[in-house]
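Read the structure below first, then the notes.
Note that the numbering runs from 1 along the sequence shown for the chain. What you are looking at is a predicted structure, and each value in this text was computed from that prediction instead of being measured.
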Amino acid sequence: MLKEIRCEKFKNKIIKFHSGLNVVLGDNEGSNSIGKSTLLMIIDFIYGGNTYISHNKDAITNLGHHEFYFMLEFEEKQFYFCRGTEQPDVVFKCKENYEKQSEIKVGDYCRDLKGRYGMAIKDLSFRSAVSLFSRVWGKENYEVKKPLHSVSAEKSLDTITRLIKLFNQFDKIEKEDNEIKKLNETKTVIQKANKMNVIPKITKTVYKNNIKEIDKLNQELEKLSKSAFSPAINISEIISDEILDLRDKKKILMDQRDYYKSRLNRTNKTISSSKELRFESLVNFFPNVNTKKIEKIEEFHEGISSILSNEIKKAKKELSKKISTLEEEIGEINQRLENILNPHEEASIYIDRLVEIASILKNLQLQNGYYKNLASLSEDIEVKSIKLTEIKEEIVNQIEETINFELRQFYKLVHNEHRNPPILKLSTNKYEYKFVDNTGTGNAYAILIIFDLVIFTSTVLPFIIHDSFLFKNIEKTVVEEIIKIYSSIDKQTFIAIDVIKIFDGNIQTILENNKVIQLDKDNLLFVADWRDKTK
């Protein structure tokens with residue numbers, strides 16, 4: 001927990017804190033701009049927040065860059081740190097005398113805080129948990145009807161996910177969600193391969209037609225085998241993987257041979273003997289043309305042509321050699337096929353057709369295999385998505401029931417007479433916080449505070465921060481009951497409040513006993529006063 005904050009720019013250089021309720025007390029005149037909200041924002045800042053830098057620019061402008069030295073205590077062990085406005089992205093680890101030792105990134109510092117506070121919640125950052133419930137003027141997270149929104153533009157789905165994590169119920173969802181992600185990734189890979197023609201893309205109609213074609217080819221294969229071979233020969237041995245592999249290799253070699261033959265034909269056309277260039281027609285049209293210069297250019301071209309001709313002849317020789325090699329390899333494969341099949345002479349006409357059918361069958365079966373895999377993936381995704389929705393609905397229903405039960409209990413404490421408590425309506429992707437009896441500003445903020453107290457006492461949330469503006473219009477008796485609740489909680493609560501003379505004596509005593517600092521128009525938080533620039 002937070003034990004102290006020190007700053008050279010503070011009027012009171014050291015501010016001490018304690019467990020339970022910590023009160024930043026204003027005066028009985030309700031003076032503004034004395035530093036109540038600013039101190040709460042500084043507490044948010046030393047817990048990893050950044051709003052102090054953006055919202056409290058006036059402090060930096062008038063005080064210059066400044067640093068906050070602070071001490072946190074966990075299990076009776078003290079940890080000393082420093083964070084300043086000039087380098088807000090880092091936190092310095094310090095010795096007991098606040099001499100800086102080393103610096104760490106704010107993100108790493110917050111991860112350490114999460115562990116120190118025992119927030120064993122996977123995939124929920126420390127700042128994501130605490131920032132929402134640090135309701136300080138300037139943070140814009142105090143819209144009463146959106147108590148789960150850190151900012152009004154935040155997606156409702158994200159706010160509900162954070163709530164589920166805060167109640168430590170996200171593991172069940174994450175397991176199913178990860179499985180769906182993996183299935184979708186596999187499906188995406190197959191679909192991309194289809195688009196790039198790496199694997200065939202077929203429709204349900206093609207799939208059914210393929211089944212018919214496979215059956216038809218199997219029947220033909222059986223007939224051919226009976227015609228060409230002895231009944232003792234097993235057709236599965238004939239149409240083996242080795243034969244199919246040889247067939248594929250043969251096709252590749254034949255394609256290469258045809259390619260090189262095509263290149264050879266083009267090369268033959270290129271090679272031609274030089275012919276004498278005549279300039280008679282050119283001179284007829286252009287009597288003054290410099291034929292000697294043209295002859296010199298032509299001589300140069302002929303030299304180049306001679307060089308190119310030699311290169312082309314060399315290429316022709318290489319192409320002929322490659323073609324010859326390929327034809328030898330094709331001949332070897334033909335021989336291997338003949339040795340494997342070893343057919344009777346009268347059956348040789350069936351061999352190519354047998355292998356061709358087997359090749360077509362293999363291709364059709366592969367196509368249908370891809371289709372079945374994709375269909376199976378889609379079915380698995382649909383089934384798991386339905387299951388995930390059911391799990392989410394069960395979890396949010398449980399959380400909704402827990403929160404609404406606690407809302408009723410807290411509402412009874414703060415209202416002596418019977419009133420309808422607020423109700424949180426949760427679904428998997430949206431929520432609604434409803435209250436009907438009194439929609440005035442005071443009651444609305446009371447309901448917001450009660451909501452925070454429910455979450456605070458029901459989860460591992462380490463602290464809450466409530467600014468003075470939340471209490472301004474709430475009924476006196478309701479504020480008094482809220483103060484009693486604050487004081488009954490062991491975890492740290494930071495509040496700012498003023499005009500406490502209106503409360504009963506015992507409530508004033510609670511606030512006085514738990515105050516960490518008292519501010520008024522003459523006793524400001526900082527050493528400088530920039531409220532009135534004419535002074």
Side-chain angles (χ1 to χ4, degrees), residues 1-2 43-44 47-49 51 74 107 109-136 139-178 388 391-410 422-433 447-466 470 485-486 489-494:
M1 67 176 174
L2 177 63
I43 293 171
D44 181 70
Y47 274 117
T51 314
F74 301 100
Y109 163 73
C110 287
R111 276 187 284 276
D112 183 59
L113 284 183
K114 181 182 174 183
R116 299 284 181 192
Y117 273 110
M119 299 173 68
I121 303 173
K122 188 179 178 183
D123 297 326
L124 179 66
S125 71
F126 180 79
R127 281 307 304 171
S128 182
V130 304
S131 181
L132 173 63
F133 301 96
S134 300
R135 304 197 193 267
V136 186
K139 289 195 68 178
E140 300 180 4
N141 60 343
Y142 31 78
E143 189 172 341
V144 177
K145 291 187 177 181
K146 292 184 176 181
L148 295 176
H149 277 68
S150 293
V151 292
S152 59
E154 190 175 17
K155 293 179 180 179
S156 294
L157 176 61
D158 294 336
T159 69
I160 293 166
T161 300
R162 179 172 54 232
L163 184 65
I164 292 170
K165 289 177 179 178
L166 197 53
F167 273 85
N168 210 9
Q169 294 291 313
F170 193 69
D171 282 355
K172 303 170 189 175
I173 293 173
E174 186 182 38
K175 182 182 176 183
E176 292 296 324
D177 195 43
N178 284 339
L388 178 60
I391 291 172
K392 281 184 177 179
E393 287 175 350
E394 182 181 353
I395 289 171
V396 297
N397 288 339
Q398 289 174 354
I399 293 173
E400 178 187 282
E401 186 177 341
T402 299
I403 291 175
N404 285 327
F405 175 80
E406 294 297 328
L407 283 171
R408 289 193 295 271
Q409 303 309 307
F410 275 99
I423 298 172
L424 180 69
K425 291 287 186 182
L426 274 179
S427 71
T428 56
N429 58 7
K430 62 181 179 179
Y431 74 94
E432 184 180 8
Y433 193 43
I447 286 171
L448 182 61
I449 291 171
I450 290 169
F451 181 86
D452 285 359
L453 288 170
V454 167
I455 304 300
F456 190 38
T457 55
S458 302
T459 68
V460 292
L461 190 66
F463 61 84
I464 54 174
I465 304 176
H466 286 159
L470 295 171
I485 296 171
Y486 284 145
I489 300 172
D490 291 333
K491 291 190 288 185
Q492 279 189 309
T493 304
F494 306 95

Counting neighbours of CD on Glu401 that are heavy atoms of other residues, nucleotides or ligands and sit closer than 6.0 Å, is the number greater than 12?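 12 or below, so no.
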
Side chain [X], main chain [Y], donor-acceptor under 3.5 Å:
X	Y	result
Lys139	Ser131	yes
Lys392	Asn429	no
Glu432	Lys425	no
Asn141	Leu132	yes

Contact summary for [X] and [Y], nearest pair of heavy atoms:
X	Y	result
Leu157	Thr428	CD1-O, 3.4 Å
Asn404	Pro422	OD1-O, 4.3 Å
Tyr142	Val136	CE2-O, 3.5 Å
Ala129	Leu461	O-CD1, 3.4 Å
Ser427	Ile160	O-CD1, 3.4 Å
Cys110	Gly48	SG-CA, 3.8 Å

Applying side chain to side chain contact (heavy atoms under 4.5 Å, CB included) to Ile164 and Val396, what does each step give before you reach the verdict?
CA-CA 7 Å; Ile164 292 170; Val396 297; 3.9 Å; yes

First locate atom [atom1] of [X], then atom [atom2] of [Y], and finally report the distance between them rounded to the nearest 0.5 Å.
X	Y	atom1	atom2	value
Asn168	Met119	CG	CE	10.0 Å
Asp452	Arg135	CG	CZ	4.0 Å
Asp490	Met1	CG	CE	10.0 Å

Is any side-chain heavy atom of [X] closer than 4.5 Å to a side-chain heavy atom of [Y]?
X	Y	value
Pro462	Val130	yes
Leu407	Ile423	no
Phe167	Ile455	yes
Val454	Thr402	no
Leu2	Phe494	yes
Leu163	Leu426	yes
Tyr47	Arg127	yes

Exercise for the section: Tell me whether the guanidinium CZ or amine NZ of Lys165 lies under 6.0 angstrom from the six-membered ring centre of Phe170 and within 45° of its axis. Expected result: yes

Considering residues at least two apart in sequence or located in another chain, which fulfil the ring pair (Phe, Tyr, Trp, His ring centres under 6.0 Å) criterion with [X]?
X	value
Phe74	Tyr117
Phe451	Tyr433
Tyr109	Phe81
Tyr431	His149

Quick one: salt bridge (Lys or Arg N to Asp or Glu O under 4.0 Å) pairs with a partner in residues 142-157, sequence neighbours left out?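 Matches after skipping sequence neighbours: Glu154-Arg162.
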
Side chain to side chain contact (heavy atoms under 4.5 Å, CB included) partners of Ile489, counting only residues at least two apart: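 Side chain to side chain contact (heavy atoms under 4.5 Å, CB included) list for Ile489, sorted by chain: Leu453, Phe456, Thr457, Ile485, Lys491.
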
ask   = Where do Leu166 and Phe133 land on the side chain to side chain contact (heavy atoms under 4.5 Å, CB included) test, with the steps shown first?
value = CA-CA 12 Å; Leu166 197 53; Phe133 301 96; 3.9 Å; yes

